[in-house]
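Keep in mind that the numbers below use all heavy atoms, side chains included, and drop hydrogens, waters and symmetry copies. Keep in mind that what you see is a predicted model, and the values were worked out from it rather than measured.
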Amino acid sequence: YLIFVYAPSEKVMGAVQKIFYWHVSSAISCYFSFAIVFGSSIYFLANKGKKALSLLEAAGEVGFIFCSVVLISGMIWGKAAWGAWFNWEPRLVTFLLLWLVFLAFNTLRKFGNTENIGNHLSVLGIIGAITVPIMVFSIKLLPQISQLHPEVIEKGGLAPEMSKTLIFTLVTVLFFHFLVLYLRYRTIYLENKLR
């Protein structure tokens, strides 16, 4: 209701702009997952705990799903905004790199040798998580001429109804994200324990 009725449509983009609420919320959820991957990876490399490995696996899997949602919703928005599904803008390229790293992470998790899987996943998780700050700050570090992503949120360019809708969507998606992450962690932990 908030997205489709309460929040006004953006003047230039129209109804396509409504994808923005899911896109941003999914991106932040994705970043939370990869922060958990980073912490779990370091903890696992130091202590080799089964709970850390289960959390690492769950966060990598859930983060990859949210990362995919961001990539797909961004491509839909990009087609309407720029006339192309993908453009070689720095943030898009670094996000694609992040997606590819976590695709490799989940592929390795599924098909890799179980003997040293924790070490390999941890190293790949750390590499992937380091990509996040590079991508987030690419807008601030590179000249605006090479950027397609707007800085609307930082400049306060949202109408009050849009801001309220974004905050509500963000809180809701984050709650859903942590619920799915917890359930997936419990499942993986029990599977690992049974093995």
Side-chain angles (χ1 to χ4, degrees), residues 2-3 19-77 85-86 91-137 166-195:
L2 289 175
I3 292 172
I19 207 165
F20 161 81
Y21 304 105
W22 297 106
H23 181 74
V24 171
S25 300
S26 296
I28 292 172
S29 295
C30 161
Y31 299 155
F32 269 110
S33 275
F34 296 149
I36 294 169
V37 166
F38 185 74
S40 299
S41 296
I42 291 171
Y43 187 83
F44 179 81
L45 288 173
N47 300 318
K48 306 289 186 215
K50 289 188 190 289
K51 287 185 177 182
L53 179 59
S54 299
L55 185 58
L56 168 66
E57 291 180 40
E61 186 178 298
V62 172
F64 177 71
I65 291 168
F66 278 95
C67 192
S68 299
V69 169
V70 173
L71 203 57
I72 292 166
S73 63
M75 290 171 69
I76 293 168
W77 184 87
W85 293 104
F86 189 82
R91 184 175 270 195
L92 295 177
V93 172
T94 52
F95 200 86
L96 179 61
L97 178 64
L98 178 71
W99 185 83
L100 289 170
V101 168
F102 279 95
L103 174 64
F105 177 95
N106 284 291
T107 304
L108 177 65
R109 186 179 153 262
K110 185 74 176 168
F111 301 109
N113 181 357
T114 55
E115 189 177 315
N116 293 320
I117 196 77
N119 294 334
H120 299 305
L121 289 177
S122 296
V123 170
L124 201 52
I126 290 170
I127 291 168
I130 289 172
T131 310
V132 173
I134 294 169
M135 180 195 39
V136 169
F137 293 112
L166 178 61
I167 290 168
F168 182 80
T169 307
L170 178 60
V171 169
T172 305
V173 171
L174 279 173
F175 177 76
F176 176 71
H177 163 260
F178 284 114
L179 176 65
V180 171
L181 180 61
Y182 172 74
L183 293 173
R184 192 63 190 126
Y185 160 73
R186 291 291 302 157
T187 305
I188 291 172
Y189 180 69
L190 292 173
E191 286 171 357
N192 289 342
K193 210 171 175 184
L194 284 172
R195 274 192 218 117

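The nearest pair of heavy atoms linking Gly128 to Leu98 is O-CD1, 3.1 Å. Closest heavy-atom contact between Phe95 and Cys30: CZ-SG, 4.3 Å. For the pair Glu61 and Asn106, the tightest heavy-atom approach, listed with the atom from each and the gap, is CA-OD1, 3.4 Å. Nearest heavy atom pair, residue Tyr189 against residue Lys50, reads CD1-O, 4.4 Å. Between Gly118 and Leu53, the closest heavy-atom pair is CA-CD1, 3.6 Å. Across every non-hydrogen atom of Leu124 and Val101, the tightest pair is O-CG1, 3.8 Å.
Distance check: Phe44 CZ to Leu55 CG gives 12.5 Å after rounding to the nearest 0.5 Å. Rounding to the nearest 0.5 angstrom, the gap separating the NE2 atom in His177 from the CZ atom in Phe66 is 5.5 Å. Note: Lys51 NZ to Ser40 OG = 13.0 Å, rounded to the nearest 0.5 Å. Atom OG of residue Ser25 and atom CZ of residue Phe168 lie 10.5 Å apart, to the nearest 0.5 angstrom. In this structure, the separation between CG on Leu179 and CZ on Phe175 is 5.5 Å, given to the nearest 0.5 Å. Remark: Thr169 OG1 to Leu174 CG distance equals 10.5 Å, nearest 0.5 Å.
Put simply, the side chain of Arg184 does not reach to within 4.5 Å of the side chain of Ile65, judged on heavy atoms. Between Asn119 and Val123 the shortest side-chain heavy-atom distance does not fall below 4.5 Å. Leu56 has its side chain within reach of Phe105: a pair of non-hydrogen atoms, C-beta onward, lies under 4.5 Å apart.
Relative orientation of the Tyr185 and Tyr182 rings is tilted, given thresholds of 30° and 60° on the angle between their planes.
No side-chain donor-acceptor contact under 3.5 Å links Ser26 to the backbone of His23.
Counting non-hydrogen atoms of neighbouring residues, nucleotides and ligands closer than 6.0 angstrom, the NZ atom of Lys48 exceeds 12 such neighbours.
Across Ile36, Val62, Leu183, a single residue satisfies side chain to side chain contact (heavy atoms under 4.5 Å, CB included) together with Phe178, and that is Ile36.
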